[in-house]
Amino acid sequence: MSGRPPKHGASRFSRYLEIHETVLGQYRDQYFVGGDAIKFERFGSRHYLMQGEIACRGNIVVAVDKILEVCDREPDPLVQTVRYSYNVYAKGKWNIFRYDNQHPDWRYPGHHDEHHRHAFDWDTGDELPDSPEWIGADRWPTLGEVIEEVRRWHADNYHRLPDPEQFVTDVLSELR
């Protein structure tokens with residue numbers, strides 16, 4: 001687990017949850033995130049699974065799929081992300097972009113590790129010609145950075161979105 005940027009270092013699970021809720025809360029307060037259906041589940045003795053969706057303005061959804069490895073056996077365990085996927089799509093359209101390290105055979109030409117970004121034409125679903133782009137561990141984004149990129153994409157494409165101020169309701173209906 002060495003060679004990671006500090007933002008992806010191990011942290012106590014309670015702290016991880018606190019940061020997660022703080023970041024989502026900031027975007028909710030700014031009325032860019034309408035809600036989320038993210039769940040954390042322990043599986044086995046060595047992992048947590050973080051899965052669900054975040055409803056963003058413009059009927060944009062961030063689908064999150066992460067595996068957090070448990071690094072010690074404390075009551076509040078030290079955890080660290082080992083696998084992740086942040087898939088961003090427009091409801092009723094196609095994928096916009098996805099960051100991940102979940103491909104079993106990630107050895108694309110010019111890629112030095114498994115961290116990469118896929119980019120798509122959201123009107124057709126086609127992956128763009130220069131995709132996937134290798135981003136490496138140094139540019140591997142946090143979930144908050146992905147939501148910020150979604151916000152910039154939303155602003156840049158506001159005029160093209162069918163309902164730029166709406167939130168996907170089926171994500172919101174799955175809340176707790």
Side-chain angles (χ1 to χ4, degrees), residues 1-27 32-33 36-54 56 60-74 76-90 94-122 125-156:
M1 291 187 214
S2 63
R4 291 171 179 252
K7 68 183 181 182
H8 292 297
S11 67
R12 293 287 166 205
F13 187 62
S14 62
R15 179 74 179 135
Y16 189 94
L17 292 175
E18 180 183 317
I19 292 168
H20 174 77
E21 286 303 319
T22 298
V23 168
L24 285 182
Q26 290 169 345
Y27 285 103
F32 187 72
V33 166
D36 73 278
I38 300 287
K39 294 184 179 8
F40 290 85
E41 295 181 23
R42 186 85 185 243
F43 75 95
S45 62
R46 303 285 300 156
H47 298 95
Y48 280 93
L49 181 61
M50 175 185 173
Q51 285 186 312
E53 295 184 323
I54 300 167
C56 299
I60 300 170
V61 176
V62 179
V64 178
D65 184 11
K66 292 177 77 168
I67 296 175
L68 307 175
E69 183 176 48
V70 175
C71 303
D72 65 19
R73 297 186 183 267
E74 298 295 320
D76 183 13
L78 199 61
V79 297
Q80 189 162 36
T81 300
V82 292
R83 289 277 175 247
Y84 68 94
S85 173
Y86 305 122
N87 188 55
V88 177
Y89 66 93
W94 298 93
N95 287 342
I96 299 168
F97 63 86
R98 178 177 67 246
Y99 287 95
D100 68 52
N101 72 341
Q102 294 190 349
H103 298 286
D105 183 16
W106 56 266
R107 293 280 179 193
Y108 298 105
H111 292 206
H112 304 290
D113 63 28
E114 67 272 22
H115 304 282
H116 57 273
R117 181 186 187 276
H118 296 266
F120 301 91
D121 178 327
W122 72 293
D126 295 335
E127 192 158 6
L128 297 178
D130 292 337
S131 181
E133 171 193 2
W134 176 66
I135 58 168
D138 290 343
R139 290 178 40 220
W140 160 23
T142 63
L143 179 55
E145 290 168 335
V146 170
I147 296 170
E148 185 57 34
E149 184 175 343
V150 172
R151 182 162 53 183
R152 287 190 310 271
W153 188 93
H154 174 267
D156 291 346

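These figures come from a predicted structure and were not determined experimentally. In this chain, residues are counted from 1 in sequence order. The figures that follow rest on heavy atoms only: side chains count, while hydrogens, waters and symmetry mates do not.
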Please determine if R98 and E127 form a salt bridge, counting it only when a charged side-chain N lies under 4.0 Å from a carboxylate O.
-> no
Please identify each residue that fulfils side-chain contact (heavy atoms from CB on, under 4.5 Å) with A119, with sequence neighbours left out.
-> R117, L128, S131
Are the aromatic rings of W140 and H8 close, with centres under 6.0 Å apart?
-> yes
Between CG on residue D156 and CZ on residue R151, distance to nearest 0.5 Å = 12.5 Å
Mind checking side-chain contact (heavy atoms from CB on, under 4.5 Å) for D126 and listing every partner two or more places apart, or none if nothing turns up?
-> T124
Taking the six-membered ring for Trp, is the centroid-to-centroid distance between H115 and Y99 below 6.0 Å?
-> no
Taking all non-hydrogen atoms of both residues, which atom of A10 and which atom of Q80 are closest, and how far apart?
-> N-NE2, 3.5 Å
State, yes or no, whether a side-chain contact exists between I54 and Y27 at a heavy-atom distance under 4.5 Å.
-> no
Taking the six-membered ring for Trp, are H116 and H118 parallel (under 30°), tilted (30 to 60°) or perpendicular (over 60°)?
-> perpendicular
Take V88 and I60 through the side chain to side chain contact (heavy atoms under 4.5 Å, CB included) test and state the conclusion after the steps.
-> CA-CA 7 Å; V88 177; I60 300 170; 3.7 Å; yes
With rounding to the nearest 0.5 Å, note down the distance linking OG1 in T81 to CG in L143.
-> 10.0 Å
Do you know the tightest heavy-atom contact between A63 and Y89?
-> CB-CE2, 4.4 Å
Taking only residues two or more places apart in sequence, or in another chain, which ones meet E145 in a salt bridge (charged side-chain N to carboxylate O under 4.0 Å, His left out)?
-> K7
Separation between CG of N87 and CD of Q102, rounded to the nearest 0.5 Å | 10.0 Å
Kindly write out the residues that satisfy ring pair (Phe, Tyr, Trp, His ring centres under 6.0 Å) with Y16, not counting sequence neighbours, or none if the list is empty.
-> none
Which residues pass the side-chain hydrogen bond (donor to acceptor under 3.5 Å, both in side chains) test with Q51, sequence neighbours left out?
-> D65
Please name all residues satisfying ring pair (Phe, Tyr, Trp, His ring centres under 6.0 Å) with F120, sequence neighbours left out, ordered by chain then number.
-> none
Partner residues of R152 under the side-chain contact (heavy atoms from CB on, under 4.5 Å) criterion, sequence neighbours left out = E148, E149
Heavy-atom closest contact (V23 atom, G144 atom, distance) = CG1-CA, 3.6 Å
Please name the pair of heavy atoms, one in G52 and one in I38, separated by the smallest distance, quoted to 0.1 Å.
-> C-CD1, 3.6 Å
Where do E133 and R139 land on the side chain to side chain contact (heavy atoms under 4.5 Å, CB included) test, with the steps shown first?
-> CA-CA 11 Å; E133 171 193 2; R139 290 178 40 220; 2.9 Å; yes
Return the set of residues passing side-chain hydrogen bond (donor to acceptor under 3.5 Å, both in side chains) with D72 (not counting sequence neighbours), or none when no residue passes.
-> R12
Return the set of residues passing ring pair (Phe, Tyr, Trp, His ring centres under 6.0 Å) with F13 (not counting sequence neighbours), or none when no residue passes.
-> F40, Y48
Run through V146, I147, D100 and flag the one making a side chain to side chain contact (heavy atoms under 4.5 Å, CB included) with Y86.
-> V146
How would you list, by chain and number, every residue that makes a side-chain hydrogen bond (donor to acceptor under 3.5 Å, both in side chains) with S11, sequence neighbours excluded?
-> none
Salt bridge (charged side-chain N to carboxylate O under 4.0 Å, His left out) partners of R15, counting only residues at least two apart = E18
A90 versus I96, closest heavy-atom pair with distance | N-CD1, 3.9 Å
Rounded distance (nearest 0.5 Å) linking atom CD of E41 with atom CG of L68 = 12.0 Å
Any sub-3.5 Å donor-acceptor pair from R46's side-chain atoms to V70's backbone N or O?
-> yes
C56 side chain reached by V62 side chain, heavy atoms, under 4.5 Å | yes
Can you tell me if N101 uses its side chain to pair, donor with acceptor, with the backbone of V82 under 3.5 Å?
-> yes
Output for pair (M50 CE, K39 NZ), nearest 0.5 Å, gives 12.5 Å
